[in-house]
Amino acid sequence: MLTPRSCLNAISLPWWISPGEFAISSNNGSLHFPDKFLWGVSTSAYQVEGYPAEAKERLSDWSRWVVNNGKIQDGTGADRACEFYQRYPEDLQLCDALNVNCFRLSLNWPVLRPARTEPFSLDPEAIAYYRKLLESIKARGMKTFVTLFHFCLPAWLAEVGGWNNPLTIREFQSYAEQVARELGDLVDYWLTLNEPLVYVYRGYVDGDWPPGYKKNYLLGFKTIRRLLEGHAAAYQAIHAVVPDAQVSYVIHWRPFVARNRFNPLDQVVRYFRDQVFNHIFPKAVETGDLQFPSPLSSEPPIKEISGPVEGLKGTIDFLAINYFTREICEYKHGWPPDLFGIQSDLRRLPSTGLGWEIYPEGLYYLLTEDIAPYRFDAGGRARQIFITENGMADDFSADLNEGDWSLEDNTRVDYLISHLVALNKAISEGVNVAGYLHWSLIDNFEWSDGLRPRFGLVRVAYPSQQRELRKSAKVFAEIAARNRIEARHCAVSKS
Ligand code: BGC
């Protein structure tokens with residue numbers, strides 16, 4: 001008889017990371033999901049839209065960044081991306097084929113607010129576009145998840161300091177209030193910010209995303225505070241317009257592992273990365289108070305940015321979690337010592353086209369253990385949890401001349417099934433997961449990695465913009481339609 005563990009074995013985990021048997025009693029080998037479970041796909045504006053005004057007028061920090069030579073690894077950009085702006089009716093038909101009942105998109109803040117105007121207003125054409133798009137999604141009976149900030153700032157705000165200028169927070173609040181008024185009737189779940197810590201790391205530590213600072217930890221930490229302020233302001237603004245709105249932000253959760261678990265320095269690095277990357281934001285939202293881990297917390301410049309954030313406490317109506325991989329980290333010798341160490345080059349597990357280890361157990365452990373402090377609201381009620389992104393990239397060039405672009409994406413099928421099994425196990429142990437949204441519906445622009453990494457259930461041939469369902473799309477469609485994983489799904493990739 002099939003057990004979920006045998007699904008996980010499809011990716012042959014080595015014994016030293018194996019968490020032991022996943023022994024769920026299953027009904028004839030199939031694994032059921034709760035009634036009314038949401039099955040969906042996720043996208044973000046800049047990665048798919050190719051919004052004509054944005055490319056023409058370079059309205060965002062990102063559309064400017066891509067034209068700076070050398071910033072995008074494969075030299076591509078997102079001026080066309082997937083042309084979702086024009087092709088969304090076709091892409092929503094793909095959603096029908098996938099049997100999904102929810103859809104996540106982000107609003108293009110730079111297009112909605114291309115310049116400062118008094119009194120505050122948003123671009124009426126862009127509002128009309130998003131109304132039509134959201135109406136088309138709702139007309140198909142799908143629930144909507146709408147993100148307000150998915151990594152792209154209006155260029156004019158980026159120019160005056162972005163999140164570190166208090167004007168950006170006021171602007172974010174007005175934008176949230178206005179879209180709640182204009183589109184509130186069409187939104188089921190609001191997400192103020194996507195992955196604030198990924199944004200801070202890539203933009204202020206790695207420096208390969210705008211604003212492009214390298215290892216500027218202090219400015220990065222200040223930005224965390226500004227993002228908390230922005231989230232709180234937007235949460236309150238949406239609730240003021242739509243009192244019973246469901247509002248949250250998206251956490252990217254990444255388990256950190258010490259390269260050598262017997263090396264105390266690797267363990268210190270692991271501790272800091274986990275505390276800052278995973279816990280700092282949800283802890284602050286829970287308590288209303290931003291606190292950095294010790295001994296950082298006693299540094300005077302850190303003390304200055306720590307402390308209560310107005311209106312922040314408890315501003316989370318559900319949990320939205322993105323999960324992709326784990327990260328092995330290690331201490332790097334040198335002066336001055338770098339508490340945050342580096343991401344190790346070591347890979348112990350089979351990895352994706354982006355070199356990300358495939359670690360489905362991480363999803364189970366994060367749900368059952370890591371997020372325990374955030375699972376319940378102040379009244380002790382279990383918050384609903386949505387996996388708002390999970391997926392993997394394979395790799396082939398935008399012009400289709402390099403790489404294996406076959407539709408037989410067996411590794412993605414294994415990835416999908418093994419993560420759903422892990423999710424199902426967490427649900428069977430009482431974790432209140434109410435939905436799973438795969439990243440992504442279609443191949444799209446993967447930020448500084450360009451168009452090469454392919455995350456889609458649906459393949460996009462960029463030169464012709466032709467879409468085709470991969471094998472994983474068909475497997476996902478069947479799981480979504482039946483609301484269960486069949487025994488044979490676990491064998492599908494081996495056929
Ligand atoms: C982001 C997406 C991104 C995906 C894969 C998430 O961190 O929200 O924008 O494409 O991961 O890297």
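Just so you know, ligand 1 is whichever comes first in the structure, and atom 1 is the first atom listed for that ligand. The first residue of the sequence shown is numbered 1, and numbering continues consecutively from there. All values below come from the heavy atoms of this structure, side chains included, with hydrogens, waters and symmetry mates left out.
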Going by the order shown, which atoms of ligand 1 are within less than 4.0 Å of some heavy atom of [X]?
{"X": "Q47", "answer": "2 (C), 3 (C), 9 (O), 10 (O)"}
{"X": "H150", "answer": "1 (C), 2 (C), 8 (O), 9 (O)"}
{"X": "H252", "answer": "7 (O)"}
{"X": "E389", "answer": "1 (C), 2 (C), 4 (C), 6 (C), 8 (O), 11 (O)"}

Regarding ligand 1, does E446 bring an N or O atom to under 3.5 Å of one of the ligand's N or O atoms? yes
Counting only nitrogen or oxygen atoms and a 3.5 angstrom limit, does W447 reach ligand 1? yes
Between F318 and F145, how do the two ring planes meet: parallel, tilted or perpendicular, split at 30° and 60°? perpendicular
Residue pairs, two or more places apart or on separate chains, that pass salt bridge (charged side-chain N to carboxylate O under 4.0 Å, His left out) and touch residues 63-79: R58-D79, R64-E159
Can you check whether E389's main-chain N or O pairs, donor with acceptor, with N322's side chain at less than 3.5 Å? yes
Where is the tightest heavy-atom contact between A234 and T192, given as atom of each residue plus distance? CB-CG2, 3.8 Å
Distance-only polar pair, side chains of Y199 and H252, donor-acceptor under 3.5 Å: no
Would you be so kind as to tabulate the donor-acceptor pairs closer than 3.5 Å made by side chains of residues 270-277, with sequence neighbours excluded?
residue: R270; atom: NE; partner: Q267; partner atom: OE1; Å: 3.3
residue: R273; atom: NE; partner: E327; partner atom: OE2; Å: 3.4
residue: R273; atom: NH1; partner: F340; partner atom: O; Å: 2.7
residue: R273; atom: NH2; partner: E327; partner atom: OE2; Å: 2.9
residue: D274; atom: OD1; partner: N278; partner atom: ND2; Å: 2.8
residue: Q275; atom: OE1; partner: K283; partner atom: NZ; Å: 3.3

Test item, N194 contacting ligand 1 (heavy atom, 4.0 angstrom): yes
Does ligand 1 have any atom that is closer than 4.0 Å to a heavy atom of F445? no
Distance to 0.1 Å, residue and atom name: give those for the protein heavy atom nearest to atom 7 (O) of ligand 1. E195 OE1, 2.4 Å
Check each heavy atom of Y323 against ligand 1 and say whether those closer than 4.0 Å belong to the side chain, the backbone, both or neither. neither
Pick from Y175, Y46, W163, W190: which one makes a ring pair (Phe, Tyr, Trp, His ring centres under 6.0 Å) with F149? W163
